[in-house]
2 protein chains.
Amino acid sequence: VPLEERLLISQIRRLAGEGRHARPFDRGKRAVIAGIGDDCAVLRIPTRHELLVTTDFSLEGVHFRRDWHSPRLIGHRCLTRGLSDIAAMGGEPMAFFLSLALPRRIPQRWVEGFLHGLLRLAMQFNIPLAGGDTTQSPDAVLADILVLGSVPKGRAILRSGTRPGDRIYVTGALGAAAAETNFLYEKADKSLKQSEAGPQPRIAIGRFLRESRIATAMIDISDGLSTDLSHICEESSVGANIRADAIPRGWFRGREVDLRLALHGGDAYELLFTARKRTHVPASIAGIPVAEIGEVVSGNRMTLIKAHGRRSYLKPQGWEHFRRHFSRH
Amino acid sequence: VPLEERLLISQIRRLAGEGRHARPFDRGKRAVIAGIGDDCAVLRIPTRHELLVTTDFSLEGVHFRRDWHSPRLIGHRCLTRGLSDIAAMGGEPMAFFLSLALPRRIPQRWVEGFLHGLLRLAMQFNIPLAGGDTTQSPDAVLADILVLGSVPKGRAILRSGTRPGDRIYVTGALGAAAAETNFLYEKADKSLKQSEAGPQPRIAIGRFLRESRIATAMIDISDGLSTDLSHICEESSVGANIRADAIPRGWFRGREVDLRLALHGGDAYELLFTARKRTHVPASIAGIPVAEIGEVVSGNRMTLIKAHGRRSYLKPQGWEHFRRHFSRH
């Protein structure tokens, strides 16, 4: 069935369940004054707040594969990427926009599954779909998600706020999503699908770390711990020592994942943050364990400390690694 | 040369000429507090202003063709689409974001031309590139542009504000861009390129119409007069009578374009607005002529009035028409 643009728009509106007007968001005010149905969306930012903006492309063949991932999970993941960026600033999500390009002959059922996955997560965080764009794609499914959020003036947690002596923390456990992707890749079996439990953006943890003023710098782990830690080091002009045995590893098929997957695997959507040495950091926040994995040092070098104090240079190699797996070229 | 993501990012930063921090924008304040280089961009909205948000996909094979259009013009057009939406709300542009997916083997020179076209227009309107996303595309060039703007509280010019009796106006002249596209399509000659003078977003006109409170409803003509007028009619629950001889037609290759192109041709980026019957509307605004082309009536029907009062039903058929030309399927 060729894609009918108007049909898609009305479907999105119907699934969003709100016609052209957004539901009130969680701070008791209408954030979205005019949504879908005008040249621009009009939004109100809470007073004494700053605006947070993040955009993330999700491309078939690069970020997901239709034969590996269910449409619901793909929709869920698209929005998780954006919400996770808001969480990493300590922000409150406000509204999202979807730009979607679909090939002509995509099954209507696929589109419905995708939108359901996306909108179910949006409802969970009480953010309306405030606009976007739909068009035909020559070949693959392409989604660009824009998430808007807000944060009290001057309180966004940047990547640049840490200094030598700070401790480094990570939420949850790492490497399980990457282990699953590896497994699917090596089997290359079309009957296998990635598990349905999508990653959860850590909005509540980000909020707690901002309100409590615990975090001095923060990033979300989307490209892999090694790569995302290197971004903090770069923006803060520091180095880092990481203890290999302190890195919390996820589980896949009954076994703890390999250290390399926990270090370099993407799609974890956990938070990586720093705090002053003397700051008390809870062992768990919003029900998720928090682990201290190392410390910030001067210089610009990342070091991995293994058993018996053996040290090696920790190279950022998250994103590149996984791009190889997904790319069809 | 395979696309190197980091190279592209550094290139964008260099061309933007501002590292990670944005230049101050025209209202004498820094809008962008943190730009490229963190999880989110952080922006400050002027007090007592609302936020305007618009996103526009530009896809190779759907919105442009690399063998017809120069990279500079393609870049220019991408941003024009977004700025034109801000103009249509009477807004002030503030910052823009670029999500760009490029095929592996695209020439570096093409990318540079594209970014130059984009950033030259951005500089003209004094808006910084505040972030975005770059990735590899399986096949075609895909750009999603996000433009943020602001407007004093409650003063955005919506599509829904007109009522029967209002007069309908259009800026500039229509149909020239469509005539050129038609010509290129019919010739199908690869040595021909579309002319280099890109469309100009009507920001100054939109601002004037907001400040003077002249416009009761407004939209930009991106999909063709007939289609965009139908959006105003739909959102305002009205009909419209349009006088064929009053529609300002553009010129192409020494001749005034056909009426059908002026009625249904896209990519004009002129403004279509309404004003109360008794409101004085200047004959030109910011140097661009303004023409009265008809009036708003009750009902939901659009009527075209030709010579000798002959009336016909005016069907919205802008976008569909041009999609046929561009699509490669």
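Lettering of chains follows the sequences in order, A, B, ..., and the numbering in each one begins at 1.
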Worksheet item: Do you know which of A:Leu59, A:Leu148, A:Val147, A:Ile86 has the most heavy-atom pairs with chain B at a distance under 4.5 angstrom?
Response: A:Leu59
Response to the item:
So, the part of A:Leu43 with a heavy atom under 4.5 Å from chain B: the answer is both
Worksheet item: Got a donor-acceptor contact below 3.5 angstrom from the A:Thr274 side chain to the A:Ala217 backbone?
Response: yes
Item to complete: Can you tell which part of A:Ile45 gets under 4.5 Å to a heavy atom of chain B, answering side chain, backbone, both or neither?
Response: side chain
Practice prompt. List the atom of B:Leu83, the atom of B:Pro93, and the distance in Å for their closest heavy-atom pair.
Written response: CD2-CB, 3.6 Å
Worksheet item: Given a strict heavy-atom distance threshold of 4.5 Å, which part of A:Phe57 is in contact with chain B: side chain, backbone, both, or neither?
Response: both
Worksheet item: Picking from B:Arg66, B:Arg65, B:His69, what satisfies side-chain hydrogen bond (donor to acceptor under 3.5 Å, both in side chains) with B:Glu60?
Response: B:Arg66
Worksheet item: Is it the side chain or the backbone of B:Ile219 that comes within 4.5 Å of chain A heavy atoms, both, or neither?
Response: both
Practice prompt. For chain B, find which of A:Val42, A:Ile157, A:Thr54 contributes the most heavy-atom pairs closer than 4.5 angstrom.
Written response: A:Val42
Worksheet item: Is it the backbone or the side chain of A:Ile232 that comes under 4.5 Å from a heavy atom of chain B, or both, or neither?
Response: neither
Worksheet item: Quick one: salt bridge (charged side-chain N to carboxylate O under 4.0 Å, His left out) partners of B:Arg202, sequence neighbours excluded?
Response: B:Glu270
Worksheet item: Quick one: what part of A:Leu146 sits under 4.5 Å from any heavy atom of chain B, side chain, backbone, both or neither?
Response: side chain
Worksheet entry | Top contributor to chain B interface from A:Asp85, A:Val53, A:Asp228 [non-hydrogen pairs under 4.5 Å] | A:Val53
Worksheet entry | Atom of B:Glu235, atom of B:Ser160 and distance for their closest heavy-atom approach | O-CB, 3.4 Å
Worksheet item: Heavy-atom distance under 4.5 Å to chain B: side chain of A:Ala156, backbone, both or neither?
Response: side chain
Worksheet item: Can you name the residues that form a ring-ring contact (aromatic ring centres under 6.0 Å, His included) with B:Phe96, not counting sequence neighbours?
Response: none
Discussion item. One thing to verify: whether B:Glu50 and B:Lys153 come together as a salt bridge, which I'm taking to mean a side-chain N less than 4.0 angstrom from a carboxylate O.
Written reply: no
